[in-house]
Amino acid sequence: LASGKKKALAVFGRHASHPPERSISTPMKTIPLPQPLLVVAAALALVQAGLAQNQLLEVLKDENARGAEFWIYNDLAAARAEARRTNKPLFVTFRCVPCTACKGFDAEVAKNNQRIIRLAQEKFVAVRQVEMKGVDLSQFQFDYDLNWAAMFLNADGTVYARYGTQSAEGADAYNSIESLEKTMRRVLALHESYPANQAALAGKLGKPKPYKTALEMPGMKHRSKLAGGTARNNCVHCHNIHDAEHEQLRAAGRRNHDALWRYPLPDNLGLRIDPGDGRVIRSVQAKSPAAKAGLRPGDVLTHADKQALTSIADLQWVLHNLTNSEATVTLKATRGDRSITKQLAMKAGWKKTDISWRGSLWSIKPVLATWCAPMKEKRVKSLRLVKGVKPLEVRWINTDRPEGRNAKRAGLRKGDIIIGMEGEPLRMSSQHFNMHVKLNYKVGDKLPLTLLRDGKRIKFDWPLTDRD
């Protein structure tokens with residue numbers, strides 16, 4: 001309680017040296033509200049807001065937010081008002097607190113790295129957003145499968161930059177404190193030049209959505225439950241936005257693989273960007289669109305289709321909004337002391353990539369409703385399988401879902417070991433097994449597997465269903 005009151009009063013103190021006079025209306029006349037009462041009322045409102053934020057922190061067990069009181073906690077409206085007052089850019093981080101991925105990076109940004117903390121405190125209005133329930137989805141468009149993401153914007157809604165990239169290589173393969181700091185400083189330069197640089201920022205705000213918030217999305221499941229109090233097990237996670245998008249497409253009969261190739265990496269162009277910088281080209285793949293266009297290692301990307309770049313995520317945003325058919329993208333870069341412009345031409349299907357890491361993939365039908373886990377090397381050796389086989393053990397069958405019940409009725413058992421699929425030895429991870437099923441099968445199909453049960457090989461056709 002004391003912490004919430006202290007934080008709220010500290011915030012109030014920044015605004016209250018000369019509070020404006022307000023008034024209240026009656027049928028007869030307008031009566032000025034005494035300034036002391038105005039101060040007390042405003043202070044009480046801020047105290048209540050601080051207490052609510054502290055309660056949410058406790059409910060979510062958001063340990064990385066403890067002691068980091070300079071962050072405005074889960075209150076974008078208050079942050080925007082503060083940005084207008086101070087003329088500072090907004091630094092909004094989105095963090096899925098229950099997720100373990102990116103937890104270490106999140107801790108560094110939130111409270112441990114002094115360079116980031118000092119920069120955030122002095123130059124930005126810093127916001128820690130921990131749920132997506134009331135977020136304006138037209139304003140805040142980014143890759144919702146990320147476990148940690150950031151957006152930088154002006155108080156008027158102009159988007160300066162995005163930060164945060166993940167892939168099958170791991171949650172932190174592309175994120176670093178070094179590149180985040182560089183992105184923050186590039187954002188400050190954009191903010192300093194605003195609004196003269198509006199042309200380079202115009203494309204950074206996405207097209208308006210037909211709904212404002214997650215709970216208004218037609219494809220969002222369990223909306224009435226999610227509308228209740230936020231908890232670790234009742235929270236609109238970022239990936240739920242993509243889940244709802246998938247459901248909308250399915251319900252409309254418009255689901256296709258192209259919708260899955262979101263936010264392609266620069267690697268799809270043949271570019272490997274230095275994760276410690278976010279703009280410097282580390283390597284160029286031979287015969288790729290980037291190589292054919294003449295880009296070289298050491299070139300520093302500055303613009304993509306006239307949009308200013310501050311990070312890998314900024315380039316991904318431009319690529320995300322291109323089609324998966326034949327497409328072109330114009331990249332501007334510096335090479336030494338001169339500026340160069342190159343146009344890259346991509347063939348149809350260029351956006352396809354490894355999406356096995358994406359949390360939203362699990363909601364796409366057919367749903368297996370099982371946990372098929374990798375096995376330890378010692379156990380794998382004891383099975384004496386063909387070299388290179390990566391067996392998966394059925395650890396759990398979700399019989400609360402029709403998919404799980406039907407698999408169990410068909411003969412699948414806990415403890416079964418999947419050693420083959422489609423007549424070939426299984427040579428993929430659990431995530432890639434799931435991805436393979438989503439991309440190559442539909443509800444009503446059967447998945448042909450080879451199981452190992454009590455030392456015996458069994459042929460099993462897994463029924464892919466969505467109802468009893």
Side-chain angles (χ1 to χ4, degrees), residues 89 141-143 150-154 158-165 174-176 178-207 261-347 350-351 353:
Q141 297 183 40
F142 58 95
D143 189 345
M151 286 187 67
F152 299 86
L153 55 154
N154 188 285
T158 299
V159 176
Y160 289 133
R162 291 169 174 81
Y163 185 92
T165 299
Y174 290 86
N175 299 335
S176 69
E178 291 73 21
S179 64
L180 175 60
E181 182 179 1
K182 289 177 181 178
T183 292
M184 293 171 76
R185 295 192 183 281
R186 291 163 186 158
V187 167
L188 290 174
L190 291 173
H191 184 66
E192 182 68 23
S193 300
Y194 185 77
N197 57 0
Q198 278 182 314
L201 304 173
K204 288 175 174 276
L205 181 65
K207 295 178 181 179
W261 316 132
R262 298 181 174 94
Y263 296 89
L265 293 166
D267 303 53
N268 289 44
L269 306 179
L271 292 174
R272 191 71 175 179
I273 306 297
D274 180 0
D277 181 272
R279 298 197 309 181
V280 175
I281 298 175
R282 176 180 283 180
S283 63
V284 179
Q285 183 181 346
K287 300 181 180 180
S288 67
K292 292 176 181 178
L295 288 168
R296 303 175 189 170
D299 290 346
V300 181
L301 300 176
T302 60
H303 294 77
D305 284 349
K306 298 182 180 180
Q307 290 186 37
L309 300 180
T310 73
S311 65
I312 294 173
D314 277 346
L315 178 53
Q316 287 181 279
W317 167 254
V318 174
L319 301 181
H320 172 69
N321 287 288
L322 299 177
T323 67
N324 194 36
S325 56
E326 290 186 2
T328 61
V329 62
T330 300
L331 299 182
K332 188 175 180 181
T334 57
R335 180 178 291 167
D337 59 357
R338 64 191 180 97
S339 177
I340 60 172
T341 301
K342 303 291 183 180
Q343 186 177 76
L344 284 63
M346 293 84 77
K347 296 180 180 179
W350 68 275
K351 295 175 83 170
T353 191

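Remember, predicted model here, so these are calculated numbers, not experimental data. Scope of the values below: all heavy atoms of this structure, side chains included, with no hydrogens, waters or symmetry mates.
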Side chain to side chain, L331 and T341, heavy atoms closer than 4.5 Å: no

Under 3.5 Å: donor-acceptor pair, side chain of S311, backbone of G278: no

N321 side chain to V318 backbone, donor-acceptor under 3.5 Å: no

Non-hydrogen atoms of G276 and S176 that approach each other most closely: CA-OG, 3.7 Å

Evaluation steps, side chain to side chain contact (heavy atoms under 4.5 Å, CB included), between H191 and N154: CA-CA 7 Å; H191 184 66; N154 188 285; 3.7 Å; yes

Test item: L180 and N175 side chains (from C-beta on) under 4.5 Å apart, heavy atoms: no

Donor-acceptor contact below 3.5 Å, side chain D267 vs main chain R272: no

Verdict with reasoning, K342 to K332, per side chain to side chain contact (heavy atoms under 4.5 Å, CB included): CA-CA 6 Å; K342 303 291 183 180; K332 188 175 180 181; over 6 Å; no

Check: G203 main-chain N/O paired with W317 side-chain donor or acceptor under 3.5 Å: yes

Note, L269 side chain near S288 side chain (heavy atom, < 4.5 Å): no

Under 3.5 Å donor-acceptor, N268 side chain and W350 backbone: yes

Heavy-atom side-chain proximity of P264 to T353 below 4.5 angstrom: no

Rounded distance (nearest 0.5 Å) linking atom OG of S179 with atom CD1 of I273: 11.5 Å

Pairwise distance CG(D277) to CD(E178) - rounded to 0.5 angstrom: 10.5 Å

Side chains of P266 and I312 in contact at under 4.5 Å (non-hydrogen atoms): yes

R296 atom CZ: more than 12 heavy-atom contacts under 6.0 Å: no

Approximate separation, where rounding is to 0.5 Å, of D305 CG and T328 OG1: 7.0 Å

Side-chain ion pair, D274 and R282, N-O less than 4.0 Å: yes

Step-by-step side chain to side chain contact (heavy atoms under 4.5 Å, CB included) determination, T302 to L309: CA-CA 5 Å; T302 60; L309 300 180; 5.9 Å; no

Rounded distance (nearest 0.5 Å) linking atom CG of L188 with atom CG of L190: 9.0 Å

Q198 side chain to T158 side chain, donor-acceptor N/O pair below 3.5 angstrom: no

Derivation and outcome, salt bridge (charged side-chain N to carboxylate O under 4.0 Å, His left out), residues R335 and D299: CA-CA 5 Å; R335 180 178 291 167; D299 290 346; 2.8 Å; yes

Backbone N/O of F142 and side chain of Y263: donor-acceptor pair under 3.5 Å: yes

Side-chain donor or acceptor of R279 paired with backbone N/O of H303 under 3.5 Å: no

Shortest non-hydrogen contact from L344 toward A293: CD1-CB, 3.7 Å

Any donor-acceptor N/O pair, K204 side chain to Y160 backbone, under 3.5 Å: yes

Stepwise side chain to side chain contact (heavy atoms under 4.5 Å, CB included) test for M151 and V159: CA-CA 8 Å; M151 286 187 67; V159 176; 3.9 Å; yes

Gap between atom CG of L295 and atom OG of S283 - 0.5 Å precision: 12.0 Å

From CD (Q307) to CG (L201), nearest 0.5 Å: 8.5 Å

Sub-4.5 Å side-chain heavy-atom contact between Q316 and L265: yes

Donor on one side chain, acceptor on other, Y163 and T310, under 3.5 Å: no

K351 side-chain N/O to H320 backbone N/O, donor-acceptor pair under 3.5 Å: yes

Donor-acceptor under 3.5 Å (E326 side chain, A345 main chain): no

